[in-house]
Structure formats: structure tokens, C-alpha cells
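Scroll down for the structure; my scribbles are underneath it.
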Amino acid sequence: MELEAMEQHLVRQEPISKRKRWIEVRDPQDHSLIETIPAADQRQMETVIEKAAEGARIAAALPVYERAAILGRAADLIQSRLESFAVTIAREGSKTIREARKEAGRCVETLRLSAEEARRIHGETIPFDQVAGNGDRVGYFTRFPVGLIGAITPFNDPLNLVAHKVGPAIAAGNAMVLKPASLTPLSALKLEAILEEAGLPKQVFQVVTGYGGEIGDVLVRHPAVRMLSFTGGTEAGEAITRKAGLKKISMELGSNSPVLVLRDADLDEAVASSVSGAFWAAGQNCLGVQRILIEDPVYEAFVERFVKRARSYRVGDKLSEETDMGPMITEKEAIRVERWVQEAVDRGAEVLCGGERNGCFFTPTVLIDVPPDCRIVCEEVFGPVVSLYRVDSLEGAIREANRYDYGLQVGVFTKDIEKAFEVIRRTEAGGVMINDSSDFRIDAMPFGGVKSSGLGREGVKYAIQEMTETKVVCFRLGLG
Ligand SMILES: NC(=O)c1ccc[n+]([C@@H]2O[C@H](COP(=O)([O-])OP(=O)(O)OC[C@H]3O[C@@H](n4cnc5c(N)ncnc54)[C@H](O)[C@@H]3O)[C@@H](O)[C@H]2O)c1
Ligand SMILES: O=C[C@H](O)CS(=O)(=O)O
């Protein structure tokens, strides 16, 4: 994402001795100062990593019942302080208070799932005698923790995406060092304190705040870090993958998610779900609906209803219960989106609603006639802008859905089971939602993308598989 790249560029330009050693966490809505926190330097990150080696030994030695109890207590503590967590998410980021409450509630769910899955990390027996001559051999494989995991998270879901890394890590007996986004680090710091209050030894989970390109680089390259769990933009993900060296890597990256509205769709459902999916968190959502491909017979009817609903969105104060959509994370990001919209308009696109910026606020925007090579559709907009396209057939919709090198999730609205399975089979994505938009997820399901949208899967049970190694044990009997 350009945002962090710009920030890192600025940090890199300053001599290390002159870099600010603190981060002012400010509310994007009014730039008010929320909290000032330290910006660690590379030496401090190295010290934390060295300390975390002891944390890996402690984590692996924690019996499963203790891991599960700690995670369950942490979930209970957050549940009891849900509003406080929601206010922090809303203030440091872009979410409205209603969106933030949902994220805090999902974090509780993610930690409870982690407590459950800690008890289900199984191996299997192996029938060695499937090969002649091995009748005297019995054995199994088991799973053991990777050790020390380096985690790096994005600004947009500052609590639950951290829980999706640290919950499975603890469940599997790993230690973790996390570098959260420097724009929204406070939720991660609160989670770190909750886990310590729930009984997690301090060395097992450490949050280090600072600038990605500076201290994140240390985490990426350090040989003691045996796995990297990254969530962020594709550009940063590729840069990190090149630097990481020989270690496990999990990449949850960007997308420009499509929704297919077929001629037999329930249009009211398709409109409601796609408007929500397009403008949730001011479009700063990896699963955000960025392109809608509508079959000819229902195009006019869908567009009219979609624009009407988009126009009804109340944009304003994040902490008001009445607000449907808050600001973008910075004015720089809002200006980028404004520039991308203008580029499309200069090339013939039409703005059906929105397109106005006021500081870091950008109104819910609906475009048509966008040339397919405009950045507003071929890159990840990560803002409240959605482009509608008329398609002449299911074949045309699938072709358009697969046009770009992203592949996180797809939504398709149809009542025809055959067409649904055609989309399931032929679209290039990590998830296909039938009669939901692309923006549908539960925290227990496997989650991740193909092509430039990622490597590997999160979702608690699946993250645990990635955060463990298998060990085969074989007994050769009859020699005593
Ligand atoms: N697939 C998913 O599950 C998922 C979920 C949320 C967000 N995202 C993606 O995250 C992006 C938005 O978040 P963002 O703007 O914070 O992303 P970003 O890529 O700018 O930054 C993400 C994190 O990586 C760090 N970072 C950036 N460059 C780095 C480098 N070279 N070395 C080490 N660390 C580095 C940042 O400090 C931050 O903590 C979008 O692309 C969105 O699609 C994906
Ligand atoms: O931004 C991407 C998130 O992973 C989507 S969700 O909030 O987890 O559904």
C-alpha cells in the first residue's frame, strides 16, 4: 500500500540518528492526538527478538490446557471491556463505532476459536506396512510449533487481524513478535496487555511499535524468526518475500474483489450486500467490493437501486451511532483516491454518485464506463469507490472477474445452482460466496487468496497448520 511506502521513504531519508523515536497516534477524523508511543529502532527490535527466543521455549512448554485457559481468559476480558476496545479501534482508525464494535466482537470469537483449536492439534498414525517388508514398523506423525513467528499487520483491522495471528500462534505453542501498522498500533498494544493479564508469559508475545521499513526489515531478515506472518499490501508483501530468506511465509495481501449479479439475482439482496461490501470501513477492506459485473437484463434496475442506496449513506463523525461511513485513514490516501477517480473520468468514466473529498473524507462513489486499465479498477483502490460493468452473459462475467492478477474472494448472486457451480469452478479466488458479496467471512473458515492476493491461509485452524511443523515417528519392532 502506498501509504506505508511513503512513510518508510520519509523515514529512510532521515539519518537514523535524526529519526523521530516516537509515534504520535492521531485520530484521522480531526487529527487530534490520541497517544504518543515509542518508535523502536533496529537495535531495539533485535533485542526483542533475542528475548523472544526464550519466549519460544516457554511457549512450547506451556501445556495445552494452559494455552487454552489463557486464550479463553483473554476473550472474556475483552468481552467485558468491549466498548473500550471499540472506541480505540474507531479513534485510531477509520471505522465507525458500529463497525468497530463488530471488529471487537470478532476478536473475542477469534480468541475463543484459538482456545478450542489448541485442543485439536492432531497427528495421524501411518500404516508403514502399506509397503512390503515393513510389517515390523508402526508409527505416526505429530505436529510441533515452528518456534518464533514474526508478524506484521495492516492499519485497517487493528485488533482482529492481530488476534488472527497471535491466537493461533499461542494455541500451537509458538512465540510471536508483532510489528503493527504505525498508524493504528494502539489496539495491538491493548491486546498485548490483555494477554499478559490473562496469564501469558511476557516473552511469548511482544508488540514492537515503529516504522515498517526500519524495524519490520529486522523482523523479516532475522534468522531466529522461523516464520513470517504478513498481512498488508501486495507491494510490501512482495518486497518482504524477497528479503525473508529460508523461512515459512504467510501472506494475506490485497485484492480488487468482483461481484457477479446474474439475470436471475434477487436484486434487493444483491444491492444491500454489495453496497455494504463496497463502503464498509470507507472501502478500506481487503474483501471490499470494487467491481460489480451485472448481466444485461437487470443492469438498469440494479444500477438505479445501488446508486439510490449509496447516496443514502450518512458520512460523518465515526463515534456517532448515526454514521454509516467514516473517513479514510489519512488525507493523503483520500487525495490518492480522488486522483484515481479523476484519471478514470478523464478517460471517459461517469460518476453516478459521490466523488467528493473533504479532507480525509471521501463520499461513497459509484462509477460506470471505467476503462479496464484505469488504476481505479486494475489496482486495489482501498477506498469507497466501486465500478459497475454491464456484461452480456455468464461467460462474460467470469472473464471479467478473472481479468486481473488478484484473487481473494468473489461474490455471485443467482438462484441457478448450475451457474453458481460454474462460477465456483472457474473463478480464480480463495473464496466464492453465493448470494453474498465478496465481503463475507467468518473467523473459523480458511481465508486467503491466490495470484497476487496471497500465499497460504488464515482462519484459526488453518493458521495453526501453517504455524506448526510435522514430525514422523517410526518404531521398528522385533529387534529386542
Ligand atoms: N488479505 C488480507 O487478509 C488483508 C487484510 C487486511 C488488509 N490487507 C491489505 O493491507 C493493505 C492495507 O493496509 P496497509 O496500508 O497497512 O498496508 P501496508 O502494506 O502499507 O503495510 C502493512 C504493514 O506492513 C508494514 N510494512 C510495509 N512495508 C514493509 C516492508 N518493506 N518491510 C516490513 N514491513 C513493512 C507496515 O508498517 C504495516 O505494519 C491493503 O492492500 C489490504 O488489502 C489484506
Ligand atoms: O481487510 C481485510 C479483512 O481481513 C477482512 S475481515 O475484516 O477479516 O472480514
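All ligand and atom numbering here is 1-based and tracks the order in the structure. From a predicted model like this one, the values you see are computed outputs, not experimental measurements.
Considering backbone and side-chain N/O atoms, Q284 never comes within less than 3.5 Å of an N/O atom of ligand 2. Looking at N156 next to ligand 2, an N or O pair under 3.5 Å apart turns up. Taking distance alone, with nitrogen or oxygen atoms compared against 3.5 Å, F447 stays at or beyond that limit from ligand 1. Between T153 and ligand 1, an N or O atom pair is found at a separation short of 3.5 Å. Below 3.5 Å of separation, one finds an N or O of K179 facing an N or O of ligand 1. Polar contact check, F382 against ligand 1: no nitrogen or oxygen pair lies under 3.5 Å apart.
Counting heavy atoms under 4.0 Å from ligand 2, residue L161 touches it through the side chain alone. With a 4.0 Å cut-off on non-hydrogen atoms, E380 touches ligand 1 through its side chain and not its backbone. Heavy atoms of L183 found under 4.0 angstrom from ligand 1: none, in either backbone or side chain. Contact annotation for L219 and ligand 1: no heavy atom of the residue comes within less than 4.0 Å of the ligand.
The closest heavy-atom contact to atom 8 (O) of ligand 2, among the options E252, E99, E458, R441, comes from R441. With distances taken over non-hydrogen atoms, the option nearest atom 9 (C) of ligand 1 out of P154, G232, C286, G254 is G232. Which of Y211, F230, F155 comes nearest to atom 24 (O) of ligand 1 through a heavy atom is settled by distance: it is F230.
Side-chain contact, S187 with E92: a donor N or O sits under 3.5 Å from an acceptor N or O. No side-chain donor-acceptor contact under 3.5 Å links E466 and S250. S32 and D30 share a donor-acceptor pair across their side chains, judged by distance under 3.5 Å alone.
Remark: R106 does not engage E103 in a salt bridge, criterion side-chain N to carboxylate O under 4.0 Å. Residues R43 and E46 are paired through a salt bridge, judged by an N-O separation under 4.0 Å between the basic side chain and the carboxylate. Ion pairing between a basic and an acidic side chain is recognised when a charged N comes within 4.0 Å of a carboxylate O; R21 and E214 show such pairing. For the pair R120 and E117, the salt-bridge criterion is met [side-chain N within less than 4.0 Å of a carboxylate O]. In summary, D27 and K318 engage in a salt bridge, as defined by a charged side-chain N under 4.0 Å from a carboxylate O. A salt bridge does not link E109 with R112: every distance from a Lys NZ or Arg NE/NH1/NH2 to an Asp or Glu carboxylate oxygen is 4.0 Å or more.
Those atoms of ligand 1 that come under 4.0 Å of a heavy atom in A236, given as number and element, are 19 (O), 27 (C), 28 (N). Counting atoms of ligand 2 from 1 in the listed order, those under 4.0 Å from a heavy atom of C286 are 1 (O), 2 (C), 3 (C), 4 (O), 5 (C). Listed by atom number, the atoms of ligand 1 under 4.0 Å from L161 heavy atoms are 5 (C), 6 (C). Per-residue contacts place N156 under 4.0 angstrom from the following atoms of ligand 1 (heavy atoms of the residue considered): 6 (C), 7 (C). Of all the atoms in ligand 2, the ones that sit under 4.0 Å from a non-hydrogen atom of N285 are 1 (O), 2 (C), 5 (C).
Taking every heavy atom of both residues into account, G254 and T234 meet most closely at N-OG1, 3.4 Å.
Using a 4.0 Å heavy-atom cutoff, P180 is listed among the residues neighbouring ligand 1. By the 4.0 Å heavy-atom criterion, R106 is counted among the residues contacting ligand 2.
Ring-plane geometry between F382 and F155 is classed as perpendicular, the angle between the planes exceeding 60 degrees on a 0 to 90 degree scale with a lower cut at 30.
Under the rule for a ring pair (Phe, Tyr, Trp, His ring centres under 6.0 Å), F85 has no partner lying at least two apart in sequence or in another chain.
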